[in-house]
Amino acid sequence: MQHLVLPMGDISSGGTAIVRHPPVYPGALLAACPAPVQVRARVSIDGAGRVREVRSMVVDDAAATARWQPFLLAVRTAAMQWRFNPLQVTHWAADVDGNSHVVDSANEPFERLYMFRFVCHAGKPVVGMTEIGAP
């Protein structure tokens with residue numbers, strides 16, 4: 001996973017998931033049991049820790065976008081319900097005597113990348129998700 005790059009003297013905390021349930025496999029597709037589908041999604045989180053946007057892209061075959069629309073919708077529906085600890089960035093400075101002190105602190109928006117894998121085995125859904133980093 002990539003890490004947030006901060007200026008010297010800054011520290012961050014938070015930005016971790018509190019509620020993060022996987023998407024639900026699209027029920028209308030279970031009878032057909034299609035080939036596995038992978039979806040990569042960029043999740044944008046606001047300063048309060050709420051998901052504000054989910055941008056998806058199909059990894060397997062971009063030419064078959066319509067086939068993946070139910071999976072993209074499942075990812076978006078699930079991720080919009082997630083909650084994160086706010087990402088707090090604190091700016092520190094030193095005075096002339098070398099003593100450190102907090103200058104200011106603020107909650108910042110951030111993004112995370114996820115990979116979702118939708119698999120169907122004999123009509124039984126399996127949905128996996130992995131955090132793959134930060135853009």
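In this structure, Ile45 CD1 and Leu87 CG are separated by 9.0 Å, a value rounded to the nearest 0.5 Å. With rounding to the nearest 0.5 Å, the separation of NZ in Lys124 from SG in Cys33 is 11.0 Å. Summarising the geometry, atom CD1 belonging to Ile132 is positioned 10.0 Å from atom OH belonging to Tyr114; distances are rounded to the nearest 0.5 Å. Cys120 contributes atom SG, which lies 5.5 Å from atom CG of Leu30 (distance to the nearest 0.5 angstrom).
Checked against salt bridge (charged side-chain N to carboxylate O under 4.0 Å, His left out), Glu108 has no partners two or more places apart in sequence or in another chain. Residues that satisfy the side chain to side chain contact (heavy atoms under 4.5 Å, CB included) test with Leu73, not counting sequence neighbours, are Thr77. For Pro109, the side chain to side chain contact (heavy atoms under 4.5 Å, CB included) partners two or more places apart in sequence, or in a different chain, are Arg52. Here Ala17 pairs with Arg20, Phe84 under the side chain to side chain contact (heavy atoms under 4.5 Å, CB included) rule; sequence neighbours left out.
Between the Trp82 side chain and the Val51 main chain, no donor and acceptor come within less than 3.5 Å of each other. Checked by atom type and distance alone, the side chain of Arg42 never pairs as donor or acceptor with a backbone atom of Glu53 at under 3.5 Å.
Residues Arg55 and Ser44 come closest through the heavy atom pair NH1-OG, 3.8 Å. The shortest non-hydrogen separation linking Val43 to Ala79 is CG2-CB, 4.4 Å. Closest approach of Pro86 to Gly47, counting heavy atoms only: CB-O, 3.3 Å. The shortest non-hydrogen separation linking Pro22 to Met129 is CA-SD, 3.7 Å.
Contacts classified as salt bridge (charged side-chain N to carboxylate O under 4.0 Å, His left out) and involving residues 73-90 (residues at least two apart or in different chains) are not found. Under the salt bridge (charged side-chain N to carboxylate O under 4.0 Å, His left out) criterion, no residue pair touches residues 21-32, with sequence neighbours excluded.
Between Phe71 and Pro26 the shortest side-chain heavy-atom distance falls below 4.5 Å. In this structure, Pro70 and Leu29 have side chains that are in contact, with non-hydrogen atoms separated by less than 4.5 Å. Put simply, the side chain of Met115 reaches to within 4.5 Å of the side chain of Gln38, judged on heavy atoms.
With Pro23 as the partner, the side-chain contact (heavy atoms from CB on, under 4.5 Å) test is satisfied by one option alone out of Leu72, Val39, Val127: Val127.
Placement of Phe110 and Met80 within a single hydrophobic cluster is found when ILVMFWY residues are connected by side-chain heavy-atom separations under 4.5 Å, directly or transitively.
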